[in-house]
Each structure stands twice: as structure tokens, then as C-alpha cells.
Student: 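This is the structure I want to talk about, given as C-alpha cells.
Below, chain A is the first sequence line, B the second, and so on; all start at residue 1.
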Amino acid sequence: MAILVNKNTRLIVQGLTGHEGLFHAAQMQEYGTIIVAGVSPGKGGTWEMQGKIPIFDSVRMAVEATGANSSIIFVPARAAPDAIYEAAEAGVKLVVCITEGIPVLEMLRVSAFLKTKNTLLVGPNSPGIISPGIAKVGIIPAQIITRGSIGIISRSGTLTYEMLNALNSALLGVSTCVGIGGDPIIGSTYIDLLPLFEDDADTEMVIMIGEIGGSDEERAAEYISNKMTKPVVAFIAGRSSPPGKRMGHAGAIIEGGTGTAASKIQALENAGVKVARHPEEVVELILRGTTTEN
Amino acid sequence: MAILVNKNTRLIVQGLTGHEGLFHAAQMQEYGTIIVAGVSPGKGGTWEMQGKIPIFDSVRMAVEATGANSSIIFVPARAAPDAIYEAAEAGVKLVVCITEGIPVLEMLRVSAFLKTKNTLLVGPNSPGIISPGIAKVGIIPAQIITRGSIGIISRSGTLTYEMLNALNSALLGVSTCVGIGGDPIIGSTYIDLLPLFEDDADTEMVIMIGEIGGSDEERAAEYISNKMTKPVVAFIAGRSSPPGKRMGHAGAIIEGGTGTAASKIQALENAGVKVARHPEEVVELILRGTTTEN
Amino acid sequence: MKLHEYQAKHIFSRFDIPVPKGKIANTAAEARQIASELGGNVIIKAQVLVGGRGLAGGIRLAKNPNEAGTLAATILGMEIKGLPVHRVLVDEAASIKEELYLGITIDRIEQCPIFMASSTGGVNIEEVAQTAPQKIVKVLINPLLGLRDYQARELAAGIDLPRDQWKIFTQIATSLWNIFTSNDATLVEINPLVLTKDKTLLALDGKITIDDNALPLHPDLAEMRDLDAEVPEEIEARKYGLTYIKMDGSIGCMVNGAGLAMATMDIIKLHYGEPANFLDIGGGANADRVSAAMRIILQDPSVKSILINIFGGITRCDEVARGILSAINDIKPSLPIIIRLAGTNANEGMKLLADKNLTTADTLVEAAKKAVMAAHGDQDGDPG
Amino acid sequence: MKLHEYQAKHIFSRFDIPVPKGKIANTAAEARQIASELGGNVIIKAQVLVGGRGLAGGIRLAKNPNEAGTLAATILGMEIKGLPVHRVLVDEAASIKEELYLGITIDRIEQCPIFMASSTGGVNIEEVAQTAPQKIVKVLINPLLGLRDYQARELAAGIDLPRDQWKIFTQIATSLWNIFTSNDATLVEINPLVLTKDKTLLALDGKITIDDNALPLHPDLAEMRDLDAEVPEEIEARKYGLTYIKMDGSIGCMVNGAGLAMATMDIIKLHYGEPANFLDIGGGANADRVSAAMRIILQDPSVKSILINIFGGITRCDEVARGILSAINDIKPSLPIIIRLAGTNANEGMKLLADKNLTTADTLVEAAKKAVMAAHGDQDGDPG
């Protein structure tokens, strides 16, 4: 049935009337995602997308009118924390935040607030989620993926596409791919999503794509070691990055000794995870695994 | 076994080295309460109360060293919110705040914070809790109470003593008496404590002492009507108070139409609660009730 | 503590909430001068801390400076609900298209600040709340997050505010929130918030109530207290840490604790007496405070008897008894005093009073009965 | 964005954290003058945005104004880790009894600000964290509540600070917290915080790092950026919305996305090449940005070949291809360029490049191999 995003997804697009919002809403709808409403404050009562999608002034109104259960955020960084609070307070269960550039202190407050709510946040600075052949909530290019049994969790954007492309070339399919975002403070991390894949009947194995900075991969390794029965293959970007340098992603900073590629790879290998040296090698590891072990 | 305060209570006194703290700590100890520590920042390592009670710099240190599960706060209003946060973060399960004069916006923050914690706050501006013959955590004069089967929940201080005195004169005893405090924003209200009395084997009936202002009594009435099997008798102070006047307690304000004595009495009587016109009449109602109904 | 309209508007202005141009006047001449500076077309508003100024004639429109002077003179000579008018606010008159309401107070049940807006402003909002609750839009604010923009927009949408006003409305709501929190208010309110004919939002009238418990943190606000607008006895009481509220009856009350004080008043009424005041001497009251309390009670000429009801907890009854004796010694009151002491050191207290020819009582009911009898002229205070 | 020590101390001072008296000097003469104003006994500190100034001789004590002038001249002539010293801070020398550490940063796992203190200040705190972690006391801060006094006291107790210093320590910690939040910092740090011989606390050195994402909200801070202290290519890159970091190798990289850029560098290294830079052109990169990116890469004389790896999502490969062609047309680079396009409009992009005599690759591995070969002198870029 895939995780997070499926046929039951009823999606609100926050910021639908913007340039990006309109473009990606069309893409998502074309892919089969059920978009039920847009939210653009001050434009409530208008219609978009060939006059078929109603626009509301607030998420609460949109939820009340349409029974939406998920939302995707395309608003500017300045307004994005507000958009997350609004969606969570309106009872939206899954919020995917594409926006990048949210200050980290704002995200700390958002994150503390969400601990008191029953809302799962994916992102910010996330490319979104796709359950191939079923629905997509985000901006991941759909043409490079086919449906299959591999779950993917990734902190990166284009690196994820690279991986999806490599899988596709090898005729390997994906159950759900989740881009958790490259920022230092994000809503869902590996350990929030690994259990969902572990429980998902459609998923047989998981690919983790990580990068230097933070300790989320190390914590994931601990979780995998203790709880996961399905095989996990990983790739960690940044083996060749010098410590102390900021590599574009706010997340990709090596903090004195911790958060290095070496530390993450070590932790994952200790947990029985095969770690590839480049994206295409992930495919090799999977193919080797499925031929020798099955 | 009485509620909240009993033989398992292991008490920290926050602000023990102050004038009030020392006086009431001695009274509580004399009554049989197990005081395990005092907290007075900057005085850690000293000893008080005939050199038998250790003083710590922080609640966390006190909890770690003594296994305390309850605390009582005697610090000035300016420092009291901090004292509550500190106790809750240190894992203290019951916090009784005697301090009066905490600004209401501070208490709103405290209250929002406590929703995320497993700590029960009683007060502020509370006279505390007494389980007669077992232990007391607060400043209620113990000589006016004997052990029995009546539970008391009161928003008032001296009015509670008046009630306890009247019960004592009629040879009626008390299981536990909880002063929830007279401020507009308090940690525990009637509906937090009524279920505890309902479940307490030592308690056969409950007296509610309320006053004008707010809607806590009305909410209690609803709860009593739906959930309580034990009989409840009530007294509401402020029948003769003019609307719009502030009667000393920040709580005792009548807010345009709601929160009047009449509204509270009506709600309670509709819920089957007998409402007395003065404290001594509570005793009469109880005696009449126990002779005719039992 | 309530602030005057002009004080509230001064704070609004500091937080960038648009208010009409205006100034405070202490005399008719000043009002005339201000009106002339503002172009003549002004509104003169009595500055008193009670509602219903308009109905009482305390708010008048003037077409020119002369009329402003005349009207100001009239208003400055008025008493509104017993309060003399010492100052008037002279504001530029606004061209009103719609009158809205915007306010923040505290929802005690939800334990949150609550933001309220209504399209029917300019009237008593409590009345609207009772007669047409659907006309008030409410939004609860998480005290740890504060007002968020989307909540301000929910209010704007809820009162059908024209969309071109949403941005400025959100700014005003945010400012009002900042006023609420940074001044430890328990109420801030713009009523009416008007939409003018040239499509701007303007705060025509405002109320701010500061949490008394927070006043020590805000010396600037504490200084704004208008002692002229208060009953002198209440000011005197506050000086001694007492809470005194004047009422209309003949039995003076002195009690420790607000709840017990109210219960004492209730029981007086139950026995067909009328309390002359509410007076809470607080916890741990010492002799000085008791003395002050008695002096304050006796300043009211309606008082015919005094009921002192003390239940000792922190407060020690012997200390209170000493205060009573010292006060009686100083003041030598000629009216009957009924005293009931209970709790901590009650016996010691009663002993101190025993040979002083004062009326004592064992229970509250007995004390109330005796006080009512005494007020009715039965000088020894025995119940009939 | 990192602030200089003198900028950090200026902010400390505004938030009432005690700092030594001192001023910034651009010349030896200014330093001499400041030293004379401060009484002669001063410390001269190079203002560069790298660690290890002390070891490099960038921090010196002077006994009198003349010595201060001489030392300042020396330091102003230095380069520290490749950065020229343009300014020195001349501070009154302090009489140090103990050196402490106090700082706030972000705990990514707990998703909270974390306050840290240590009794072993004045040294590299990361080293202490690794070699003697028990010497660092840590307190997590609830971002919705902020630092509470009891938490500041926990830090004070944890580093065995004398009790008579707790109150001022709590004030300093509170100020530091206010600096952290009101400036959207990701790091603020006083190191060392010294206890002087006359028993006062003094911030001898400080670091503040501002969240780049928050800089638009803080124009005052954005103005503090010291362009002199940065690599010119990085400044140029920021102007075009690119992220460029200079490295030591010979293969210039241009990639969209930070993760993919790092993976591209990794794969170059895996094939025994050395990347000359990290360069992320971001999402939706247009022709202008691609042009700028290529110019910046070519400014590095060590670059022997360029690898362009674009995976189109939001970014359209045909647009990137046009940027590449326009850049090549402008700059006419003489070194080999290996291009790999995939994803959105990759075919269209490849078609545009097909007849331009550029080396293309289908996969990342293939592209990396070709770039490494080309850098090693195999001009047509075919893998050996």
C-alpha cells in the first residue's frame, strides 16, 4: 500500500496560486494525486487548475470543506513556519514542506510545537514523497521511477534523483521514496520512517541516502541493528569533504569529529548495512544481494 | 489511602531556608510528612532542621540524591514559575505552589508547558494539601481536622479552614483536603481531582468549596452529573458580591453574566449537588444526608 | 489596574496601531486650543474609568474650536457614575464607514489568551456575546507560540473584512498581541476599530487592563495609575497591603482571606444585614495592618457596626487581637465591634480581648447575627 | 556568517555582558594611541575569522604604548592561515584567576538549543569535548520557554563556580541567550569567560555565528560581513546564488544540489582524481548562473578539467546546456569539459551540446572517469 502517500491522500497545496505551486500542483495531479484544495490567504473563493480546485483563505476552512488529510507547502521561507503551524492546528496528518531557507531557530520552535501534535512533518527543504504509480506529494521527477518493492529515505534532492535513475536503469522499482530534507532541523528523520517501511507490506528493502553532518545516520544504524528485519543498503555523500566546511546544505557541516562520513559508514556497517561508495554501486549491492541471498 | 499526599510522599521544600519555608517545613515534619530535602540555590551542601535535612542547589540534584516524588514551593512570586519548571523537568510528580502573586501570563505559559509533562501542579496561591493523620504538604492548620471519609476541594484558603473547623466541631472527618488556589489560572481544578476522590477507597463523599469568577464550578457540575457516583455537597462564596468588582482574589471577578454565584449554584444543583448557603450549613446538609439516605 | 483611554491610545501609538490625532485637555481653554490645532472638527471624550460615558453625555462632537471649548467645559464639570471628570481627550473626528471590535483577554477554561473580533463594534461587546454570540469570532492563542499571522487572518475572514484590509489588520492584531504580552495585560481591546470612508483602519477607543500582580515588573505602567479616579479608602488600603472595596451597607467587615471575606458578607446578607465593604487583610496580618483596616472602615459614615472575622492559619489570632486593641486605643470608636477569632492562637487572642468589653462570638453565624443586630441599633449586639 | 571577535564583543556589551575596555585599530599608530588611552598594559589581537591566532603569533601582550605600536605593526603585517590581518583589537589586559567556557549551540539530535559551560576555558572546546567530556556541563533549552534561571544555576554548579558569582553568571548566561535568539545565531560563545583576581566575570574573547538563512531578517548583522576575510571567488559565487568552496585538486566541479555535488566529488576521488572545488548551482539554475559558475571555476589556475553534472528536477537540462554554450562562447576555455546531463529535458540538453565538440557522459561514473583522465593530460577525456 506504500507509506505516507497513497490513494487515500487528500491533498491541500499551501501556496497553490504561486508560480511553483501551480506548476507542481499540475504535475502532481497529472500523476494521479488527489488534490482537493489550495490555500492562499486573501484568495479564498477563487478557483484554480481549470476551475476545478477551490482556493481557501485558511487550512482550517479547506479541511472542513474537503476532508483533506495531507498538505504540501510551497510558500516563501518567511511564511513557511506559520504554514506548518496552521496545518498542524487544523488537524492535517501529513505536512510536506518543500520551502528551503527557514531559519534554524524557527524550526526548533516548530519542532518543539509538533511534539504536542499528531502531525507528521516531512521537510523543510524536502523534494517530497512519491509512491510510484499511486501518488506523489512533492517535486520528484516521476519519469525516472517505476513501482517496486524498494523503500527510499534520503536527505538529499538531486542525489535522490540520481539514485532513482540508477534503480530505474537496472529495472528496480520503488514502493515509496521520501525526501526528508537537507536542513539541520527537520520534521521526520530516518528513525521516524524506517518503522513505517518495516511494517509496509509493499516494501522488501530500504535504501538510506545520507550525507555528512549531524548524527541521524548513526541513530538510524542503532535502530536498524535493534529493530529492522528488512535489509537496508546505504550511501553516504561527503567522504571527500574537508571538516569544518559548509557544503551548501546547512546540514552538510562536519562538526568536530562527529558527523563525518567515516563515522556514519562505520555505524551503518556495524549494524549490518551494506554501504555503497557511489549511487550506482547501491544498485550493484542490491542485485548481488538478491541473487546470492534469495 | 487518601489522594495525592500519603505515606509514600517524599517531599522537597523549594525555598526551605526562607522564613516561611522553615516554619512550615517544621510544621509539616511534625505532622508526619516525610521531608527529604530542601532546595535553595546557592546554599547546596548545608543542612537545616536540626541538621537533618540536606539542602541542594537544584531540584534535580535533590531528586537524584533522595528519590523525592513531591515538592512544595515557598519562593517569591518572581521566582515561582522557574521553581515549577524546575520541579517538572526534574520529574517531580506532584508540585504544590503556595506562592501568591504570580502574573497570569506567566501562569498561562507554565500551564501550557505542563500539558507536555507528567506532573500535577496544585496551586499557585494554594494553602496546600492535607491527608489528616497521614501527612500534610502545605500550610493548612492541622489541629482543626480529624481523619475521616470526606474529600474536600477548595479554591479558598481561610474559608477552607472555616469549613474544616465546622466539620471538626460536628465530629466529621476528612480523607484529603486539597486547596487548589484562588488564582484565575491554576494547575489542577475540580475536574482534575474529582476522579481521584471517586477512585479513592477512603473517600465516601466530596465537599466542593467554590467562589465567584471563572467557570470551573460549572465544568465540575457537568463532570459530577456524568461521572461521579459519590455524593457531592458544595458551598459557593460571593452570592452578595456585586458584578465587575475585584474581590481580592484575582479569581473572584464576575465576568459579565458568567461566573456568578447564581450560575454556579444552578449548575451544581442541576447536577444533583446540594449547595449550602454558608459553611456551617454544609455540615447540616451532610448530617441530614447521612441520616436520611444511609 | 485599568488605564484611561488616552493612556491606552498612547501605548497603541507606540506599537504602531493607528489612532486619531488628539491630545488630553485639563481645561476648556486647552480643549479649545487643541480643537483649533486639529482643524475644528473634533470629538471630546471624558476620561473616566467606567463604562457608559456616551450615554452619560461624556462624549460629544464639536464642529469648531468654540463649540469644543464649551462642550469641554460642560464635560469637565460632570460626574459620571460618581467619578468626577478631571480630563477630556480631544480627538480629530473620523469619517466612520464600519465599526469593528478587536480584543484579547484570557480564557480561563482553556487556559489560553483568547483573541476576539466582531463586525459589530462600538457597542458593549459583553452584550453582543450574550445576544448574538455568532457575531464574535474567537481564536485561542498558544501562549508559548504567540499570535500567528494565520490566526489574525482567521479573525479577518471571520468578520468579513474586505481583503485589501487584511494585511494592515494583521499588523494591528500583531501589535495588539505585543501590547498584551509586553505589558502583562489581562485585557486589551480596540472598540471600535473603525474602517474609515477613505479605507483605513483606526483605533477610535481603547481599553487596557494590567495584571496587578505584574505591576512591580512595569514601573512605567504603575506610574500611570490615576489616583484621582479611585476611592481614597481603596488607595489607603493598598498602601497597607489590604484589599478594600466600598459597598452600600451598614456593617463594616474585616476578614482574612478573600473567600472567607465573601462568605462573611454572604452570611450577613443571609441574616438581613448589608455589608458596608469587602476588606481582606491578607495572610499574616500584623497589628499595623489591622489598625489601618479599622481606620479605613470607620471613614465610612454609613458604618453602624463592625464585624471582625479572623481564621488563623499563617495569621496568628493573638497578633490580630493586639492590632484590634491598639486600633481601639488610638481611634476610640463609639460603635459596636463584634469579634470572632478561630484557628491559630485563637484562645490567646480571645483572652487578650476578654476584659475589654468587646462583643465576641464563637461561630461565623453567631458573629453575623450579632453584627446585624448591632447595626440595627441593639447596642450590645446580642441577637434578639 | 561568522562575526569577528570585536563585533561579537560589541554585541556582548550591548547586552550588558562585561568585556574588557578596548578599541579596534587599523594601523600601528592607532594601536599605540589606544594603548596609551587604556593605560599602557594591553593585549593586541589579530582580527581574522580562523582559529589558532594565538599559536600563529596573532595575540601579544604589550607593557606600554610603544610596545603596543611595535607589536601591532608586526601583527598587521601577518597572514594567518592564508588570511591577511587588516585590523587588531587593542584590549586592556585583565588579571586572570580562572578561565571558563560558556556557549550556546544547537543540538540536532534533541532538536534544542544546548547551553554548555566548562571550568577549562581558553582552549579549543571541541578538544575538551573529546578528551575530557566530563569537564563540559550541558543543559538543553526548551526553545518555547528559553533559558530559565535554574538552568543557568545548574551550569554554575556544574563548573564549581564560587557561589558569590552565581547571580552575575546567571545574568551573563541570560544575556548570552538573548543574543542567541534575537540575532538568530547558531553559535554564541564566550571563551574564555574569566574570573579576574578582583572577582569579577569578564568576557575576554567571543564568537558569534549567524544563521545565513536568517540574515535577511537582520540587515544590521548582514552589514557586518567582512568581505576582506573571504575568498573572492566565494563572494562572487554568493552574488549569483551559488555555493562555491575552494579545494586543492585539479578537477573543477559544477553540480546542482549539495548532496549530488558531494557525491560527485567522492566519485572523482574514488577514481583517483582530486576535486578543485565544491560548487552547487542550486535548483532551477538559469544560463546566467551557469555562466558565472564556469567563470568562477576557471579563476582557479590549478583546474585542469571541468566536470559538469546536472540532474534535472526543477532545473531543466536544456536551460543548463544553453548556459554552458553561452559561457563557452564568452570565455572560450582551453581545457577539457566533461558534461553529464540527466533528468528533466536531458535529451534536449544533450542535443544542444552534441555538435559542439564537448565530451559527454551517460552516467556519473563514466563522467568522473573521463574528467580524471582529462585532468591527467588525456585531452579527449576518454577513460584509459
Student: What pairs with D:Lys81 under side-chain contact (heavy atoms from CB on, under 4.5 Å), at least two apart in sequence or on another chain?
Tutor: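 D:Lys81 satisfies side-chain contact (heavy atoms from CB on, under 4.5 Å) with D:Val50 once adjacent residues are dropped.
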Student: Evaluate A:Glu211 against D:Met262 for side chain to side chain contact (heavy atoms under 4.5 Å, CB included), listing each step before the verdict.
Tutor: CA-CA 8 Å; A:Glu211 59 185 46; D:Met262 286 191 283; 3.9 Å; yes
Student: Quick one: what part of A:Arg219 sits under 4.5 Å from any heavy atom of chain D, side chain, backbone, both or neither?
Tutor: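 A:Arg219 touches chain D through side-chain heavy atoms alone.
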Student: What part of A:Phe235 gets closer than 4.5 Å to chain D, counting heavy atoms only: side chain, backbone, both or neither?
Tutor: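 For A:Phe235, side-chain heavy atoms alone lie under 4.5 Å from chain D.
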Student: If you compare all heavy atoms of D:Ala263 against all heavy atoms of A:Ala237, which two are closest, and at what distance to 0.1 Å?
Tutor: N-CB, 4.1 Å
Student: Can you establish whether the number of heavy atoms outside D:Asp220 located under 6.0 Å from its atom CG is more than 12?
Tutor: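 Yes, CG of D:Asp220 has more than 12 neighbouring heavy atoms, counting only those of other groups under 6.0 Å.
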Student: Mind checking which of residues 109-119 of chain A sit less than 4.5 Å from chain D, heavy atom to heavy atom?
Tutor: A:Arg109, A:Ser111, A:Ala112, A:Phe113, A:Lys115
Student: Quick one: what part of D:Ala261 sits under 4.5 Å from any heavy atom of chain A, side chain, backbone, both or neither?
Tutor: neither
Student: Using non-hydrogen atoms and a 4.5 Å limit, figure out which bit of D:Pro216 sits close to chain A: side chain, backbone, both or neither.
Tutor: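 Neither the backbone nor the side chain of D:Pro216 comes within 4.5 Å of chain A.
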Student: Select one option (side chain, backbone, both, neither) describing which atoms of A:Leu108 are under 4.5 Å from chain D's heavy atoms.
Tutor: both
Student: Can you tell me which of A:Glu106, A:Glu281, A:Arg277 forms the most heavy-atom pairs within a distance under 4.5 Å of chain D?
Tutor: A:Arg277
Student: Go through D:Leu270, D:Leu144, D:Ile109 and name the one with the most non-hydrogen pairs under 4.5 angstrom from chain A.
Tutor: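 Between D:Leu270, D:Leu144, D:Ile109, the count favours D:Ile109.
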Student: Output the distance between atom OG1 (D:Thr363) and atom CG (A:Asn165), rounded to the nearest 0.5 Å.
Tutor: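 Here the rounded value is 10.0 Å.
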Student: Output yes when a side-chain donor or acceptor of D:Asp211 lies under 3.5 Å from a complementary backbone atom of A:Val104, and no otherwise.
Tutor: yes
Student: Tell me the closest heavy-atom pair linking A:Ser240 and D:Met247, and the distance in Å.
Tutor: O-CE, 3.8 Å
Student: Where does A:Glu100 contact chain D at under 4.5 Å (heavy atoms): side chain, backbone, both or neither?
Tutor: neither
Student: Quick one: does D:Thr344's side chain get under 4.5 Å of A:Gln143's, heavy atoms only?
Tutor: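 A side-chain contact under 4.5 Å exists here.
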Student: Going through the distances and angles, do A:His278 and D:Leu364 end up as a side chain to side chain contact (heavy atoms under 4.5 Å, CB included)?
Tutor: CA-CA 9 Å; A:His278 57 86; D:Leu364 181 47; over 6 Å; no
Student: At what distance, to the nearest 0.5 angstrom, does OG of A:Ser241 lie from CE of D:Met265?
Tutor: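 With rounding to 0.5 Å, OG (A:Ser241) is 4.5 Å from CE (D:Met265).
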Student: Please state whether the side chain, the backbone, both or neither of A:Ile140 comes within less than 4.5 Å of a heavy atom of chain D.
Tutor: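 Contact with chain D: none, neither part.
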Student: Chain A heavy atoms under 4.5 Å from D:Phe180: which part of the residue, side chain, backbone, both or neither?
Tutor: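 Answer is both: backbone and side chain atoms of D:Phe180 are under 4.5 Å from chain A.
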Student: Determine yes or no for a side-chain-to-main-chain donor-acceptor pair under 3.5 angstrom, with A:Glu162 supplying the side chain and D:Ala342 the backbone.
Tutor: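 Here the side-chain-to-backbone pair does not exist.
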Student: How about CD on A:Glu222, more than 12 heavy atoms from neighbouring residues, nucleotides or ligands closer than 6.0 Å, or not?
Tutor: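 It does not: A:Glu222 CD has 12 such atoms or fewer within range.
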Student: Quickly, which of A:Thr160, A:Leu159, A:Leu164, A:Ile144 forms a side-chain contact (heavy atoms from CB on, under 4.5 Å) with D:Phe311? Name it, please.
Tutor: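 It is A:Ile144; the other options fail the test.
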Student: Apply side chain to side chain contact (heavy atoms under 4.5 Å, CB included) to the pair D:Leu260 and A:Tyr161, showing each step before the final yes or no.
Tutor: CA-CA 9 Å; D:Leu260 188 58; A:Tyr161 310 162; over 6 Å; no
Student: Tell me if a side-chain donor or acceptor on A:Thr158 pairs with a main-chain N or O of D:Asn256 at a distance below 3.5 Å.
Tutor: yes
Student: Is A:Pro103 in contact with chain D via its backbone, its side chain, both, or neither, using a 4.5 Å heavy-atom distance?
Tutor: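 Backbone plus side chain of A:Pro103, per the 4.5 Å heavy-atom cut-off to chain D.
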Student: More than 12 foreign heavy atoms under 6.0 Å from CZ of A:Arg78: is that the case here?
Tutor: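 Atom CZ in A:Arg78 is not packed in, count stays at 12 or less.
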Student: Would you mind telling me which of A:Gly101, A:Gly210, A:Pro141 has the largest number of heavy-atom pairs within less than 4.5 Å of chain D?
Tutor: A:Gly101
Student: Is A:Ile139 close to chain D through its backbone or its side chain, or both, or neither, when contacts mean heavy atoms under 4.5 Å?
Tutor: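 Contact with chain D is through the side chain of A:Ile139 alone.
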Student: Looking at A:Glu280, I'd like to know if its CD atom is crowded, meaning that more than 12 non-hydrogen atoms belonging to other residues, nucleotides or ligands lie closer than 6.0 Å.
Tutor: yes
